[in-house]
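Quick note: residue numbers are just sequence positions, from 1. It should be emphasised that the depicted structure is a prediction, and the values quoted were computed from it without experimental measurement.
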Amino acid sequence: MFHALVHYHEVALKGRNRKFFEQRMVHHLRSALKNLKAIQVEALPGRIRISFPEEHLWQRIQETLTRTFGVTNFSFARSAPISLTSSDLTTLKDAIQRDIPSHPFKTFRVVTKRAEKRFPMTSMDIDREIGAHLCEQTGKRVDLTQPDVTVYIEVLKNEAYYAFNKESGPGGLPVGTGGKVLCLMSGGIDSPVAAYRMIKRGCRVVFVHFHGRPYLSRASEEKVRDLVTLLTSYQLSSTLYLVPFGEIQQQIVLGAPAPIRVVLYRRMMMRIAEELARQEEAWALVTGDSLGQVASQTPGNIQVVSEVTALPILRPLIGMDKIEITAQAQAIQSFETSIEPDQDCCTLFVPPHPNTRARLSDILKVEEGLDIVGMLKQGIEQVDCVNYAFPY
Ligand code: ATP
Ligand code: MG
């Protein structure tokens, strides 16, 4: 048997919730790896163990772990039996000596952690004894500060695990621990990054996209489908709501002066999103707004848009520069899709000089002349729903 030993950090800090966080992560890993046969995922004290029968499966497991939020680091490990009543390390020593990397190296160190404090030797004792054995048998030198190879040992109840690597995980919190949120996805650069950040903080993200059909092509919708597919690799299943918005926008255009249309579109999107969120039992809405980026994201307009819903609106990118957002979009590989040309529905009927400081009283007055309830109903009735699953 081979193992992946998975460590979490923030998760461990959650006191009495810890069990819940661990279970979410175990559940996530089981689902993500369900296509691989004979794999076992189990919570051990302070870590999660994935056991697998064939070495070549490591690559898939490694890929999965780099996309599993809550993981701080992980290693490819093997194990040797130990006993709590004896300090005999012979089997462990032999196993490590056999498996230590064969590539040329000069120096090494041993780092032991005891999850099982009843083991009769301290971590330092174990470091010293295994270190001395390896020096003697391999002729390599110990270097505690900059070794070529580190031997990681983790002592559990009946088993000691050893590994020669440690890889970083993505951090964050396990999917599902942050409840469900509904993200307004536009197909641009920002909203997929906003969704990613919320998934990383443990939320399960449901998506809604407002498209311009029948007035615009399908391009923005297809981009959003690709982006949701990409993001599903982090949360394993997703739902995307597609709302036809062209006719609603046309009604707004007919009843509202040009400079405030964008704010009215946004308020209408929020109302429809709020209703979908209630149906989904989502606790918040998410947008890719970044303060001051465009006319709809000025302090005044953000206020007027937020006023329309009682749900919290999360804006994880609010304090980020475009350059920072772009760098993150490139890192998660959403950027290429986001910059494909499309026609976002917000470009439809948009005036050249939108009002950057809409007054709520003006907005409310104009909305009195619009059939808000009818538009909301129309949006909800015409919604299309698509489900996604990963592994694809
Ligand atoms: P993005 O890169 O996410 O498109 P942006 O900089 O283009 O953002 P806006 O077009 O003003 O900014 O949109 C701000 C936010 O409003 C988006 O991040 C998204 O959350 C939401 N939004 C805008 N258009 C749509 C749409 N057609 N469908 C769903 N949400 C939208
Ligand atoms: Mg946009």
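- More than 12 heavy atoms of other shown residues, nucleotides or ligands fall within 6.0 angstrom of atom CG in Leu254.
- At a cut-off of 3.5 Å, with distance as the only test, no side-chain donor of Ser86 or Asp88 sits close to an acceptor on the other residue.
- When atom types are taken as modelled, the side chain of Asp127 and the backbone of Thr112 share a donor-acceptor pair closer than 3.5 angstrom.
- Contact annotation: the side chain of Leu36 never approaches that of Phe52 to less than 4.5 Å [non-hydrogen atoms, C-beta and beyond].
- Side-chain atoms of Val151 and Leu134, non-hydrogen and from C-beta on, do get closer than 4.5 Å to each other.
- Nearest heavy atoms, Phe390 versus Thr232: CB-O, 3.6 Å.
- A side-chain donor-acceptor contact under 3.5 Å links Arg197 and Gln328.
- Salt bridge Glu274/Arg278: present, at least one basic N to carboxylate O contact under 4.0 Å.
- Using a cut-off of 4.0 Å between Lys/Arg side-chain N and Asp/Glu carboxylate O, Glu116 and Lys157 are scored as not salt-bridged.
- The pair Glu136-Lys93 does not count as a salt bridge, with every side-chain nitrogen at least 4.0 angstrom from each carboxylate oxygen.
- Under the 4.5 Å side-chain criterion, counting only non-hydrogen atoms from C-beta, Arg78 is in contact with Phe2.
- Taking 4.5 Å as the limit, every side-chain heavy atom of Glu275 sits out of range of all side-chain heavy atoms of Ile272.
- Side-chain atoms of Asp190 never come within 3.5 Å of backbone atoms of Thr287 as a donor-acceptor pair (strictly under, hydrogens ignored).
- Under the 4.0 Å criterion applied to side-chain N and carboxylate O atoms, Arg225 and Glu221 are assigned as salt-bridge partners.
- Ring orientation note: the planes of His3 and Tyr161 are nearly perpendicular, at an angle over 60° on the 30°/60° scale.
- The main-chain N or O of Ser290 is found under 3.5 Å from a side-chain atom of Gln297 such that the two form a donor-acceptor pair.
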